Amino acid sequence: MANDSNRFQAIISHCKEYGFIFPSSEIYDGLQAVYDYGQWGSELKKNIRDYWWKSMTQLNDNIVGIDAAIFMHPTTWKASGHVDNFNDPMIDNKDSKKRYRVDHLIEGFADEQVAVGNKQLAEDVLSQMDALLAKDDFASLKKLIEDNKIKCAISGTSNWTDIRQFNLMFSTEFGSTVSADDEDNKVYLRPETAQGIFVNFLNVQKTGRMKVPFGIAQIGKAFRNEIVARQFIFRMREFEQMEMQFFVRPGTEGEWYKYWKEERLKWHLSLGFDPAKYRYHDHVKLAHYAKEACDIEFEFPIGFKEVEGIHSRGDFDLSQHEKFSKKKQNYFDNDIDPATGKAYGNYIPYVIETSIGLDRMFLLVMSNAYTEEDLSTAEKPDSRVVLKFPAKLAPIKLAVFPLVKKDGLPEIARNIISDCKSSFRCFYEEKDAIGKRYRRMDALGTPFCITVDHQSKEDNTVTIRYRDSMQQERIAIDKIKEIVTAAIA
RNA sequence: GCGGAAGUAGCUCACCUGGUAGAGCGACAGCUUCCCAAGCUGUAGGUAGCGGGUUCGAGUCCCGUCUUCCGCUCCA
């Protein structure tokens with residue numbers, strides 16, 4: 001475990017040292033759980049994003065993309081359940097330092113009372129609690145806890161802090177008019193991208209002439225005010241999701257759930273990652289909207305963690321929006337039901353959601369790529385740090401070096417770059433010994449290095465050096481673009 | 001939010017029990033170099049997280065504060 005922890009620290013350091021990820025606003029001491037992607041991190045992130053987008057939209061003719069706004073009508077979050085279900089009042093015991101959700105604490109007390117035969121008391125307490133929670137009357141809730149001498153299981157005392165509310169969603173002011181009631185101007189920064197898809201379900205279905213089953217994909221930022229946000233970019237307050245909501249005929253959700261569960265794992269494995277590092281985690285306790293749910297977990301240096309979720313959401317979201325907006329969210333299905341010989345008709349489609357964290361995927365790719373190699377020989381100790389990215393995700397695809405920076409070699413190298421740079425990202429370097437330049441590129445995960453030497457002037461060949469094997473080959477200059485393009489396809 | 005540890009050059013660290021900061025690596029400029037880091041020369045870079053206190057004098061002692069890391073708590 002100690003080694004894994006060190007490895008995680010090493011990855012974080014490497015990310016900062018080589019321009020992948022910086023702590024946000026670092027010159028002002030940073031901002032907790034917010035990170036910036038640097039010059040190479042933004043390239044890698046973009047490549048991951050593009051790979052997902054292409055695999056969803058371009059390779060599935062029944063999936064289209066949208067880009068909904070981060071701001072949404074506040075009612076959206078009432079409909080989705082985020083306003084009511086995720087504002088949990090908390091209370092701390094001052095002696096044990098243990099924190100409880102107020103409702104859990106009181107419900108636990110009620111259970112105890114039932115167990116000892118005080119059924120009436122339990123019911124009274126619970127009904128009072130519900131009434132007070134509905135009014136957000138925290139002072140009275142605390143009094144309720146104290147009056148019943150509810151104790152902390154750890155310390156056994158009733159020495160409680162005031163009740164505080166933990167807000168999942170960030171809110172901000174909308175518009176410039178001042179209202180007597182703050183709530184009128186309040187909008188939230190979306191805590192998930194999914195709702196932008198649901199509220200546009202009929203827009204896309206009608207204008208795109210989409211037929212069930214079909215999907216809508218979206219990539220975008222989301223914001224959550226996590227209680228503790230740590231573990232580098234694994235849990236951030238501002239993060240990016242890649243989601244796809246797949247709309248299906250009710251009754252077929254089971255098979256589609258299974259389909260996407262398998263399909264999404266295949267996507268991960270298509271990047272060449274070790275299947276042994278992946279596993280499914282099927283949810284036993286389901287969220288309020290879910291019928292079936294699982295996570296795809298990856299073995300990060302900090303252990304197996306969720307990177308993607310596949311959820312069978314039923315018609316929960318669309319039904320909620322229909323209820324709150326009073327706008328029908330029906331789809332009319334003309335296909336003939338073989339059981340009745342008639343069209344399936346009107347229904348609210350069921351939804352299978354696939355939701356992957358882009359930042360988590362970045363960390364996955366980085367964790368998988370980061371390798372420390374011992375290259376020591378009998379003569380001298382040697383080592384290197386190399387990022388073994390899949391070539392298609394690497395920030396830089398090709399580096400070109402003149403072996404020495406004279407005799408016309410730099411010019412040849414520059415020509416190679418100008419020939420290739422419209423096709424993929426290239427990097428030119430003429431400083432320092434050739435070996436050092438190779439190692440610098442290893443640290444950035446560049447899969448191919450080209451070295452121009454004096455022979456190149458004679459026969460138009462160069463050396464290509466492969467990142468992972470460190471092997472070299474002599475190839476013709478006019479083959480370079482072809483080789484790299486094939487590798488990143 | 002609680003407990004523990006730590007904050008000195010881009011990175012890793014040193015300065016022992018107080019006397020106004022050093023090294024290695026890295027970076028940059030140049031030299032050398034015909035294929036895998038640590039060959040030569042030179043240059044830049046720190047008001048020692050921040051604020052206050054004690055002291056003739058503080059990176060070094062005390063207090064506060066911020067940040068980070070580890071553990072706990074929460075997690076759709």
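So you know, we letter chains A, B, ... as the sequences are listed, proteins then strands, and number each from 1. Because the structure is predicted, anything quoted here is derived from the model rather than measured.
Side-chain atoms of A/His321 and A/Gln195, non-hydrogen and from C-beta on, do get closer than 4.5 Å to each other.
Between A/His283 and A/His281, the ring-plane angle classifies as tilted under the 30° and 60° cut-offs.
B/G51: Watson-Crick or G-U partner is B/C63, with both key distances under 3.5 Å. The pairing partner recorded for B/C16 is none, the criterion being a Watson-Crick or G-U wobble arrangement whose two distances lie under 3.5 angstrom.
Phosphate contact (OP1/OP2 of B/C36, side-chain N/O of A/Gln471, threshold under 4.0 Å): absent. One finds no side-chain N or O of A/Lys16 lying less than 4.0 angstrom from the OP1 or OP2 phosphate oxygen of B/G10. At the phosphate of B/G26, OP1 or OP2 sits under 4.0 Å from a side-chain N or O atom of A/Lys436. The shortest distance between the side-chain N/O atoms of A/Arg384 and the OP1/OP2 oxygens of B/A38 is not below 4.0 Å.
Between A/Glu243 and A/Arg313, none of the side-chain N atoms (NZ, or NE/NH1/NH2) sits under 4.0 Å from a carboxylate O, so this pair counts as no salt bridge.
Following rounding to the nearest Å, A/Leu409 (CG) and B/U33 (P) show an atom-to-atom distance of 14 Å. Summarising the geometry, the separation between NZ on A/Lys431 and P on B/U43 is reported as 15 Å, rounded to the nearest angstrom. Taking atom CG of A/Asp374 as the reference point, atom C1' of B/A37 lies 13 Å away to the nearest angstrom.
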